[in-house]
Amino acid sequence: MSADISLRHRQGDFTLDAAFGFSGPGVTALFGPSGAGKSTILHAIAGLVRPDAGRITVDGETLFDSERNIFVPAHNRRVGIVFQDARLFPHLNVKANLLYGAKRAKEKPGDNETASVIALLGLETLLARQPRHLSGGERSRVALGRALLMRPRALLLDEPLSALDAARKSEILPYFERLRDESRIPILYVSHSMDEVARLADRIAILNAGRIVAEGSLFDVTANLDLIGGGAQLPGTVLEASIAGHDAAHDMSELAFGGERLFVPALGKPAGARIRIRIDAQDVMLALTRPEGISANNVLAAMVLELRPGNGAYEDVLLAIGDMRLVARITRKSAARLNLTPGLSLFAVIKSVTVGGRDPR
Amino acid sequence: MHGFLTAAEWEALALSFRVASIAVLCGLPFAFFAALLLARTQFRGKALVDGLVHLPLILPPVAIGYLLLVSFGTRAPLGAFLYETFGIRFVFSWTGAVLASALLTFPFQVRAIRLALESEPAGLKEAAQALGANRWDRLWSLHLPLATPGIIAGMVTAFAACLGEFGAIITFVSNIPGETRTIPLAIYTAIQSPGGEMMAARLSALSIALALGGLLLAEFLARRAREATGQGPLSR
């Protein structure tokens with residue numbers, strides 16, 4: 001199942017001119033700063049906005065084609081959407097909210113499917129509640145369940161976590177991860193948070209000022225110097241590692257990564273499990289000789305592949321660590337002092353690692 | 001209770017209730033449609049429609065009674081047509097009082113329903129659309145239930161206002177005991193007749209109690225309906 005989007009739309013003096021695709025199973029992130037046009041794209045796919053021109057096909061069906069004058073109304077599109085602010089119907093309890101789309105679906109979900117969605121999202125005890133007696137995180141879960149139970153052929157998530165505080169976010173992220181692992185439909189996840197994207201997405205399309213500036217696997221896109229320092233404002237590289245072992249004495253886990261080892265605070269996963277990690281460019285220091293007597297645990301042998309002047313005083317350096325790519329952001333002054341050139345072997349000191357915590361299929 | 005009110009007074013009270021309830025119920029569908037039109041659509045001439053809806057609030061009721069008389073009188077074209085084809089006659093009949101009351105209190109219903117429709121939380125319509133609800137479906141499953149508090153408030157306010165209608169009724173359908181003599185007309189008649197002061201006073205006290213009770217009831221029912229539709233108390 002897949003979706004192809006190509007559209008042009010003017011809103012005041014802002015012009016959206018974007019083309020990209022997403023396919024399932026799996027999550028594609030539509031990433032970009034606020035005002036880049038992300039929500040407009042989502043609304044256009046759902047049929048809530050009619051673009052000036054373009055074409056939208058989902059699962060082989062043309063939902064919009066300005067040249068052939070096709071515009072399938074939103075209520076016939078079978079595209080699920082979860083809004084930032086949940087938008088539960090205040091006069092219906094949780095159960096009636098969940099079943100609102102299901103009742104109107106051509107192929108209604110069976111009792112088993114309904115029960116399993118309710119279980120997936122942990123909503124069993126909330127069914128009789130009124131929406132205004134729910135917490136923010138509970139509301140998001142109900143909105144997600146409501147969209148799933150209409151049995152959509154694609155699911156659009158419009159910054160579903162951005163209205164929540166950090167604690168609520170970490171409470172609800174595992175539900176989204178389970179959804180990603182169990183769902184077979186393509187999911188488009190709009191976000192401006194690299195943390196969420198790194199945890200959930202397999203592919204990423206980066207939108208800036210109304211245009212798609214990059215599209216591809218999360219690993220490739222986040223190791224692209226054009227994007228890291230450029231308009232996309234990516235904070236760092238997303239990588240895959242496997243758990244090599246645990247050091248119980250120090251509460252640490254050891255990760256195998258590009259032929260090197262990386263230590264992180266203990267993870268509750270068995271050895272051999274593959275996990276997603278993010279290393280921000282700012283958190284990578286470079287040294288010409290292996291530094292001794294420093295507190296950082298993670299010192300990896302690396303080779304400079306490419307240098308690129310970044311914003312202001314900074315320079316972005318693409319490194320090869322085994323077959324992995326990693327970006328470091330240092331000052332131009334340091335780059336000149338160390339005399340960095342492509343091909344130079346050196347050591348990368350990694351100050352901090354964000355663990356994404358997923359098991360890639 | 002018969003000890004407190006005379007037979008004539010009871011007659012006026014019962015007639016007032018009948019006229020007011022039927023007037024409110026007959027006006028409601030039109031009021032809902034007009035409110036929907038004004039709250040949810042944009043069209044040319046919307047200001048004109050808005051003005052027409054509010055006209056009964058600012059026109060002298062006597063003028064409305066006169067206009068009704070010249071259009072629905074049995075010798076007027078519309079009135080003659082209705083009488084000859086359907087046997088419907090408004091002049092000198094309680095049904096004419098219903099028509100006049102419905103028209104005069106129409107703005108109260110429209111305003112309350114429109115306010116409720118406009119205060120529906122933003123974005124629910126789009127959520128319902130994406131979940132597969134078409135326009136009619138959304139009207140029944142979303143807009144109408146959420147507007148219930150406004151509908152109730154509008155109905156009760158219009159009902160209370162109907163009980164007070166005088167000028168249009170007396171001009172259009174005259175002052176016939178048992179047929180068109182509602183409470184205000186009965187008060188007027190009592191004041192005109194020698195020795196009717198006590199009756200006028202009792203009926204006036206009754207009017208005050210009914211109007212006040214109606215407004216309190218409207219407030220109470222609307223609050224209950226807001227809670228039942230999960231919208232919480234209105235912030236003022």
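Sequence lines set the chain letters: A, B, ... in the order given, protein chains first and strands last, and positions in each chain run from 1.
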Worksheet item: Is the Phe176(A) ring parallel, tilted or perpendicular to the Tyr189(A) ring (thresholds 30°, 60°)?
Response: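 Plane angle over 60°, so perpendicular.
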Side chain, backbone, both or neither: which part of [X] has a non-hydrogen atom closer than 4.5 Å to chain B?
{"X": "Arg78(A)", "result": "neither"}
{"X": "Arg77(A)", "result": "neither"}
{"X": "Leu88(A)", "result": "backbone"}

Worksheet item: Are His54(B) and Arg111(B) close enough, and set up right, to give a side-chain contact (heavy atoms from CB on, under 4.5 Å), and what steps lead you there?
Response: CA-CA 9 Å; His54(B) 284 91; Arg111(B) 285 169 74 91; 3.1 Å; yes
Item to complete: Against chain A, work out which of Pro145(B), Pro121(B), Ala228(B), Ser141(B) has the most heavy-atom pairs shorter than 4.5 Å and name it.
Response: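 Most heavy-atom pairs under 4.5 Å with chain A: Ser141(B).
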Worksheet item: Looking at Lys125(B), Arg135(B), Gln129(B), which makes the most heavy-atom pairs under 4.5 Å with chain A?
Response: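 The residue among Lys125(B), Arg135(B), Gln129(B) with the greatest pair count is Gln129(B).
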Worksheet item: Passes side-chain contact (heavy atoms from CB on, under 4.5 Å), Leu127(A) versus Leu98(A)? Steps please.
Response: CA-CA 9 Å; Leu127(A) 295 177; Leu98(A) 285 171; 3.7 Å; yes
Worksheet item: Considering only heavy atoms from C-beta outward, does the side chain of Leu188(A) approach that of Val27(A) to under 4.5 Å?
Response: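 In short, these two side chains do not touch, never coming nearer than 4.5 Å.
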Worksheet item: Step by step, would you call Arg226(B) with Arg223(B) a side-chain contact (heavy atoms from CB on, under 4.5 Å)?
Response: CA-CA 5 Å; Arg226(B) 287 192 67 79; Arg223(B) 194 174 324 133; 5.6 Å; no
